[in-house]
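The figures that follow rest on heavy atoms only: side chains count, while hydrogens, waters and symmetry mates do not. Given the structure is predicted, the values throughout are model-derived calculations rather than measurements.
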Amino acid sequence: MDYKQTLNLPKTDFPMKANLAKREPEILKFWQDINLYKRLREKSKGKPLFILHDGPPYANGHIHLGTALNKILKDMIVKSRQMSGFDAVYVPGWDCHGLPIEHQVDKELGAKKQNMSPAEVRQYCRNYAEKFVNIQRDEFKRLGVIGDWENPYLTMSYDYEATIARELGKFFANGSVIKAKKPIYWCIHCRTALAEAEVEYYDHESPSIYVKFPFKEDELLSFPELQGKKVSVIIWTTTPWTIPSNLAIALHPDFEYVAAKVKHENDSEVWILAEGLLEQCMSEFGISDYKIVKKFAAKELERLACKHPFIDRDSIIVLGTHVTLDSGTGCVHTAPGHGREDYEVALEYGLDIYSPVDDDGRFTKDVPFFAGTIVFDANPMVSQKLKEVGALIKEDKLSHSYPHCWRCKQPVIFRATEQWFISMDKTGLRQKALECINQVEWIPYWGKDRIYSMIENRPDWCISRQRAWGVPITVFICNDCGGVLANEAVFDRVVDLFEKEGADCWFTLSVDELLPDGAKCPDCGGKNFRKETDILDVWFDSGVSHAAVLEKRPELRSPADLYLEGSDQHRGWFHSSLLESVGTRERAPYKAVLTHGFVVDGKGYKMSKSLGNVIYPQEVIDKYGAEVLRLWVAAEDYRDDIRISMDILKRLSEAYRRVRNTCRFLLGNLYDFSPEKDSVDYENMEEIDRYALHELQNIVKRCRRAYSRYEFFKAYHAIHNYCVVHLSAFYLDVLKDRLYTSPPASKARRSAQTAIYNILVTLLKLMAPILSFTSEEAWKYVPGEKEHLSIHEEALPDVVESWINEELADRWETILAIRSDVARAVEKARQSKIIGHSLEACIFLALPSEVFEEFKGDKDLLRSVFIVSDLRFVPREELEGDELSVEGEKLPGLVAKADLADGEKCERCWVRDKSVGTFDDHPTICSRCYHVVSA
RNA sequence: GGGCCUAUAGCUCAGAUGCGGUUAGAGCGCACGCCUGAUAAGCGUGAGGUCGGAAGUUCGACUCUUCCUAGGCCCA
């Protein structure tokens, strides 16, 4: 007889092999077909809202691991909150305006662009953005991210553009917008102002020159020892082209300066520089023969005037704490129109913000010798000129970190131009923002310090750009007096038009069509206007998303519960959103802000094409499936840098298989189980099954706590560990005998099935926010009636208090300790070739007396837990000295030994038993099986 | 150059409140073995860290301080 046929072996169609690359799209289609997002919304009506407001990625290019990580994290949060009883609405968005797209379009259009109107170029940009919105949408959906993908928000949609204009109007109305000349980063190649966020630093080779600025003759009257001498201040610069714009020389107020007598080109001269740099400079100049003739405190030289080396103009001495002794001479060449610190110190001293450079980077007509020259080309010419006038001490080259344009990668310049700013202090914006920061929960906590110091120290917000693809600064300039028309009526009119036609109409309609009736210049009463042609910084666009999305959509609200982005957004979106919201509403647009780190390679280095360590999401999806990518996001502590490598992914895919297989085994043993009909009441369940349910509650507790704190790595470890240690290696292994050999409908078997059914359902729900595909796939195989079509409509399991039994847990902790020591005894016997499978063993066990007292009546329970054929309690002395015996490690005082069990192996249940061979009609099976088979 | 952050076994994370105190724990991977009724599965055993480095505070530090190194984000 084939006794195997009489066993209840596991059966399931749930495949062992995931084949995720193929199966995931089927599950995605299922979600699409049932319209999961819509179903979730309908079923969640009336539940408390949880709003995770999506930060809009830029609609350019394909997604990368960073964006994938971000979206998966958001998805796991939204799903876990949804399953925790919230109505977790998720509206994804895209940032559509801005230079990168315009740049790409420039490339595609090439020369054709010259003949196109701004409106036509904008249409091209719009199409370009739309294309990548669609691409990225598909890529995000492929990751299993559930959201309102049919109705995302786009910063280029008409209503969004109208909101941008409306919000800008509020800043004009409250008086915080100012127009000012200010040095800003300027890309002469792109002919545009760049935000701080738009420059990147690369190494660049610059000239390095030391230049003499001679004192005016009568400036040194108070220093008799310098009378009649040729005295100069020595400066150092790596931008010779800014020398024509020099208006001052900055010294540090706390440094000591010296006048040193030197011989230079056969002339006796006196040079002034910082004492701390004297030696270094002299050796640099190759001058060994010098003598200090006087020392100064910087203060003594303040406001004295030097002569510009080749222009008839003074250069006065100013004091500034930005001066350092790291390099140069301690005397800093200051061109207020060409440097941030130069500018600031110039404001203090009332100097002109002089910047005689045009949009193309050419010197204007005011500049003698170099008018019309591109500034970078002027570098050698300036050096030459300085040499001619005898002002150049030394010329060299220096490789250093220098700002470059983020798009064209060309070096940028600092240049003062007329720009629009939102003032940080005029209306107290900075102070109010700092106060609001304290109202927000920052996760991790140090994010607060980070953004606080950024807001504390940032300059005014430059909101204007000289480009085409963006929302215009919708104000009018009076042709007669240059006054600005930016009142409520203007903005109301523009907002109306934008809502109907989009911001493009600013470019297609005439001034008269755009102006509200009866518009007059507030300054001169004039009626002739031109449009401002600058557009807004795109950070302003995304910064108003709380107004354009959270406040506008009925299903959302502001402030959001959570903003979640990479830690770079402390200066980006968190920052601009805060300023916009505080500036117009006096409160932060978010209650909490969560940040994650950056994706780096397996060694902790950032990913870059040049290092060749870039991994693309698509590679991972093709090879392992999006599920493994999700598991990666879950497994890593995202608050730090997040490492990824093919090795890490391989590990994760193995961990995935383990979890999947555990689910499969659970399913396989439920093929004939109906939870409604076959469940056994808790009180009637076997002890070990009740213990399993107790342990299950621990994992529920751990996961729920982890989810509530967004600590997915803890949930992942808890789930994985549970599957491997508790289920696979212990509980399920022990259960096999009972599940397989008992009569199918016996209470013993139904008890086990009741436990594993509950375990399975609980486990799948706990997994669902992370392993969204697999939990959904397995959900379909779970027996019994289900209320919902998708597991994502279910709630996370609650802790079942009545299943918690600490007393039972204590008892089983001891059993597991004994089991662990017994396993070592079994292993010893195995190594000695006495047994193979543990079922061949009989365990001889000596326990400490109090433990023995507790378990002496549980021989058969322990036997089954050890998965052996026989168990005998023996006195300690009987085992001591036996080379097969093992001392207890987990349970000190225990001694255990494994030996071959008596009797024959039952062909059906594989237990060795003396009863095998005693039944004439079934001579190869044991009495236990005999009763099952002959029943 | 400045601000913030990180650094525990080959890998991913721990030791539940951003607080110093028994021989630093898991899982994975690895090695060896078993099983062939979870089988491109399953089980067992074992070997691996002195907590990035140095100094200091302390009766005592992986946990506190300083400095250094490496890496990340932001800024210059």
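When both pairing distances are held under 3.5 Å, B:G21 makes a Watson-Crick or G-U pair with B:C59. Pair assignment for B:A26: B:U12, on the basis of Watson-Crick or G-U wobble contacts that are both within less than 3.5 Å. Partner assigned to B:G1 is B:C75, using Watson-Crick or G-U wobble distances below 3.5 angstrom. Nucleotide B:G49 has no partner under the Watson-Crick or G-U criteria, as no pair reaches both atom distances under 3.5 Å. Across every strand in view, B:C43 sits in a pair with B:G33 that passes the Watson-Crick or G-U test at under 3.5 angstrom. The nucleotide B:A70 finds its pairing partner in B:U6, both defining distances of the Watson-Crick or G-U wobble pair being shorter than 3.5 Å.
The line from CZ of A:Phe844 to CG of A:Leu871 is 9.5 Å long, rounded to the nearest 0.5 Å.
One atom, NE2 of A:His575, and another, P of B:C74, lie 14 Å apart when rounded to the nearest Å. Here the C1' atom of nucleotide B:G71 and the CG atom of A:Asn613 are 13 Å apart, to the nearest Å. Look at NZ on A:Lys448: it is 16 Å from P on B:C4, rounded to the nearest Å. One atom, CG of A:Asn721, and another, P of B:A26, lie 10 Å apart when rounded to the nearest Å. The CG-C1' distance, from A:Asn661 to B:G37, rounds to 15 Å in whole Å. Look at CD1 on A:Ile644: it is 13 Å from C1' on B:C11, rounded to the nearest Å. Distance, A:Asp449 CG to B:G2 C1': 16 Å, rounded to whole Å. One can place CE of A:Met607 at 12 Å from P of B:C73, the figure rounded to the nearest angstrom.
Taking only distance into account, the side chain of A:Lys714 never meets the base of B:A14 through a donor-acceptor pair shorter than 3.5 Å. With hydrogens and angles ignored, no donor-acceptor pair closer than 3.5 Å exists between the side chain of A:Arg664 and the base of B:A41. You'll find a donor-acceptor pair under 3.5 Å spanning the side chain of A:Arg450 and the base of B:C73, going by distance alone. The base of B:A38 is paired with the side chain of A:Ser728 by a donor and an acceptor separated by under 3.5 Å.
Nearest-nucleotide mapping onto RNA chain B: of A:Asp733 and A:His837, the residue sitting toward the 5' end is A:His837. When the nearest nucleotides of RNA chain B are assigned to A:Lys603 and A:Gly447 by heavy-atom distance, the more 5′-ward of the two goes with A:Gly447.
Relative to the six-membered ring of A:Phe665, A:Lys736 meets both conditions, a distance below 6.0 Å and an angle of at most 45° to the axis.
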Show, in sequence, the C-alpha distance, side-chain angles and deciding distance for A:Glu907 and A:Lys4, and conclude whether the salt bridge (charged side-chain N to carboxylate O under 4.0 Å, His left out) test is met.
CA-CA 9 Å; A:Glu907 195 187 326; A:Lys4 192 167 170 177; over 6 Å; no

Carefully, step by step, assess A:Arg643 and A:Asp637 under the rule salt bridge (charged side-chain N to carboxylate O under 4.0 Å, His left out).
CA-CA 10 Å; A:Arg643 295 188 181 207; A:Asp637 184 348; over 6 Å; no

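Across all strands shown, A:Arg660 has no heavy atoms under 4.0 Å from either base or sugar-phosphate atoms. At a threshold of 4.0 angstrom between heavy atoms, the contacts of A:Gly668 with the nucleic acid are absent. Counting any heavy atom pair closer than 4.0 Å across all strands shown, A:Gly604 reaches sugar-phosphate atoms only and no base atom. Residue A:Ala655 is out of contact with every strand shown, counting any heavy-atom pair closer than 4.0 Å. Across all strands shown, A:Glu907 has heavy atoms under 4.0 Å from base atoms, whether or not it also approaches the sugar-phosphate. Residue-level contact check: A:Arg651 touches the bases, meaning some heavy atom is under 4.0 Å from a base atom. Within 4.0 Å of A:Ile648, counting heavy atoms only, lie sugar-phosphate atoms of the nucleic acid but no base atom. No contact: A:Val826 has no heavy atom under 4.0 Å from any strand.
Closest to the side chain of A:Tyr605, from the set B:U45, B:A76, B:G72, is B:G72. With B:C28, B:G72, B:C4 as the choices, the nucleotide that has an atom nearest any side-chain atom of A:Glu654 turns out to be B:C28. In this structure, the nucleotide among B:A38, B:G72, B:C13 sitting nearest to the side chain of A:Phe713 is B:C13. Of the candidates B:U45, B:G37, B:G71, the closest approach to any side-chain atom of A:Asp641 belongs to B:G71. With distances taken from any side-chain atom of A:Phe598 to the nucleotides B:G37, B:G27, B:G72, the minimum falls on B:G72. Each of B:A38, B:U12, B:G3 was ranked by its minimum atom distance to the side chain of A:His717; first place goes to B:U12. Between B:A14, B:C11, B:G44, one nucleotide has an atom nearer to the side chain of A:Arg819 than all others, and that is B:G44. The side chain of A:Arg830 sits closest to B:G33 out of B:C73, B:A38, B:G33. Closest contact between the side chain of A:Met16 and the listed nucleotides B:A41, B:G18, B:C43 involves B:A41. Out of B:A38, B:G37, B:C74, the shortest distance to the side chain of A:Lys4 is found at B:G37.
For A:Tyr563 and A:Trp573, the distance between ring centers is under 6.0 angstrom. Ring centroid separation for the pair A:Tyr343 and A:His338 does not come in under the 6.0 Å cut-off.
Going from the C1' atom of B:G71 to that of B:C35 covers 46 Å, rounded to whole Å. When the P atom is compared between B:G56 and B:C51, the two are found 16 Å apart, to the nearest whole Å. One P atom belongs to B:U57, the other to B:A14, and the distance between them is 32 Å to the nearest Å. Comparing the C1' positions of B:G3 and B:C13 gives a spacing of 29 Å, expressed to the nearest Å.
With no hydrogens or angles considered, no side-chain donor-acceptor pair links A:Thr595 and A:Tyr638 at under 3.5 Å. Counted by atom type alone, A:Asn613 and A:Lys606 present zero donor-acceptor pairs between their side chains at under 3.5 Å. Inspection of the A:Arg458 and A:His575 side chains reveals an N or O donor paired with an N or O acceptor under 3.5 Å. With hydrogens and angles left out, the side-chain atoms of A:Thr12 and A:Arg664 include no donor and acceptor closer than 3.5 Å.
Phosphate contact (OP1/OP2 of B:G29, side-chain N/O of A:Lys650, threshold under 4.0 Å): absent. Between A:Tyr452 and B:G3, a side-chain N or O to OP1/OP2 separation shorter than 4.0 Å is absent. Side-chain N/O atoms of A:Arg658 include one lying less than 4.0 angstrom from OP1 or OP2 on B:G42. For B:A41, one of the phosphate oxygens OP1 or OP2 lies less than 4.0 angstrom from a side-chain nitrogen or oxygen of A:Arg657.
At a non-hydrogen distance threshold of 4.0 Å, A:Ala635, A:Glu636, A:Asp637, A:Asp640 from residues 631-640 of chain A come into contact with RNA chain B.
For the side-chain contact (heavy atoms from CB on, under 4.5 Å) with A:Thr741, the lone residue among A:Val911, A:Leu7, A:Val933 that qualifies is A:Leu7.
Between A:Tyr781 and A:Phe14, the ring planes lie perpendicular to each other; the angle is over 60°, past the 30° to 60° tilted range.
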